[in-house]
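The figures that follow rest on heavy atoms only: side chains count, while hydrogens, waters and symmetry mates do not. Naming: A, B, ... by sequence-line order, numbering from 1 per chain.
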Amino acid sequence: MKINPRDFYAHPTLIVARQLLGMRLVRILDGARLAGIITETEAYIGEQDLGCHARAGRTKRTEVMYGPPGRAYIYFTYGMHWCLNAVTEAEGFPAAVLIRAIQPVEGVAIIAARRQGRGADGPAKLTQALGIDGGLNGIDLCTPEAGLWIETGESIPEKSVTLGPRVGLNVPEPWKSVPWRFRLRRVHFPAQ
DNA sequence: AGCACGATGCTCT
DNA sequence: GAGCATCGTGCTT
């Protein structure tokens, strides 16, 4: 499989969020290759989007979102959790896709052990499963250098995709309800 | 199966 | 000082 090039991310965030479904999130951890199929994403788009961290403008925290596409934006929340995003669109425009869930397909035993058998179907669950934290904030997802990237994967038909409102936002409409959450209906993937 | 709650510390007002 | 792009537990239906 092939690592997504920067151009993949240099597109409208809703397109990228949809395209990421079925792709493979890969992490090299202690020399082992761990991976999962991306099954849920959300789009966060610009300073106007009151659900997006960039509503606060350019700050130390949001700086990465203003940078080039294809980098990882990783933030800390609720005092204990890390969440992984892929930065999208042109440099200078703050937007990203939150990776909300994966279905483990490589290094499954290691992932299960790290998760104590609890699965990786949540934004903070998958970062914990793959050993992703703030130390990787800003790294390039378009090269294998940092040990974290996204590869081409399964082709997903429209029929298998469900849209809905983003989760956990307490913000004014329309931002609270715009259908910028993309989910893959339950599908069986071969183990390689 | 679903809801309420506490944990825990950073970010921005 | 308030709120948070969450998770796991424990209790209720």
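Residues A:I45 and A:Y66 do not share a hydrophobic cluster, defined by chaining ILVMFWY side chains whose heavy atoms lie under 4.5 Å apart.
Base pairing in DNA chain B yields stems of at least 3 consecutive Watson-Crick or G-U pairs, both distances under 3.5 Å, namely B:1-7 with C:6-12, B:9-12 with C:1-4.
Annotation: side-chain hydrogen bond (donor to acceptor under 3.5 Å, both in side chains) contacts involving residues 134-145 of chain A, sequence neighbours excluded, comprise A:R6-A:D140. Listed by first then second residue, pairs satisfying side-chain hydrogen bond (donor to acceptor under 3.5 Å, both in side chains) with a partner in residues 84-95 of chain A read A:T13-A:T88, A:T13-A:E89, not counting sequence neighbours.
For the pairing with A:W180, the side-chain contact (heavy atoms from CB on, under 4.5 Å) check across A:D49, A:L163, A:V97, A:T41 returns one residue only, A:D49.
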Atom pairs and distances, donor-acceptor, side-chain atoms in residues 26-37 of chain A, under 3.5 Å, two or more places apart:
from  : atom 1 : to     : atom 2 : distance (Å)
A:R27 : NE     : A:L130 : O      : 3.0
A:R27 : NE     : A:G131 : O      : 3.4
A:R27 : NH1    : A:G147 : O      : 3.3
A:R27 : NH2    : A:G131 : O      : 3.0
A:R33 : NE     : A:E106 : OE1    : 2.6
A:R33 : NH1    : A:E151 : OE2    : 3.1
A:R33 : NH2    : A:E106 : OE2    : 3.1
A:R33 : NH2    : A:E151 : OE1    : 3.3
A:R33 : NH2    : A:E151 : OE2    : 3.4

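Rounding to whole angstrom units, CZ of residue A:F76 and C1' of B:dA7 are separated by 11 Å. The distance from atom CH2 of A:W82 to atom P of B:dC10 is 9 Å, rounded to the nearest whole Å.
The aromatic rings of A:H53 and A:Y73 sit perpendicular, their planes meeting at an angle over 60°, well past the 30° parallel limit.
A search for ring pair (Phe, Tyr, Trp, His ring centres under 6.0 Å) contacts involving A:F8 returns nothing, not counting sequence neighbours.
A salt bridge links A:E158 with A:R18; the closest basic N to acidic carboxylate O contact falls under 4.0 Å.
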**OP:** Summarise how protein sits on nucleotides 1-10 of chain C as a single string, 5' to 3': B when a protein heavy atom is under 4.0 Å from the base, S for sugar-phosphate-only contact, - for no contact.
**Re:** ---BBBSSS-
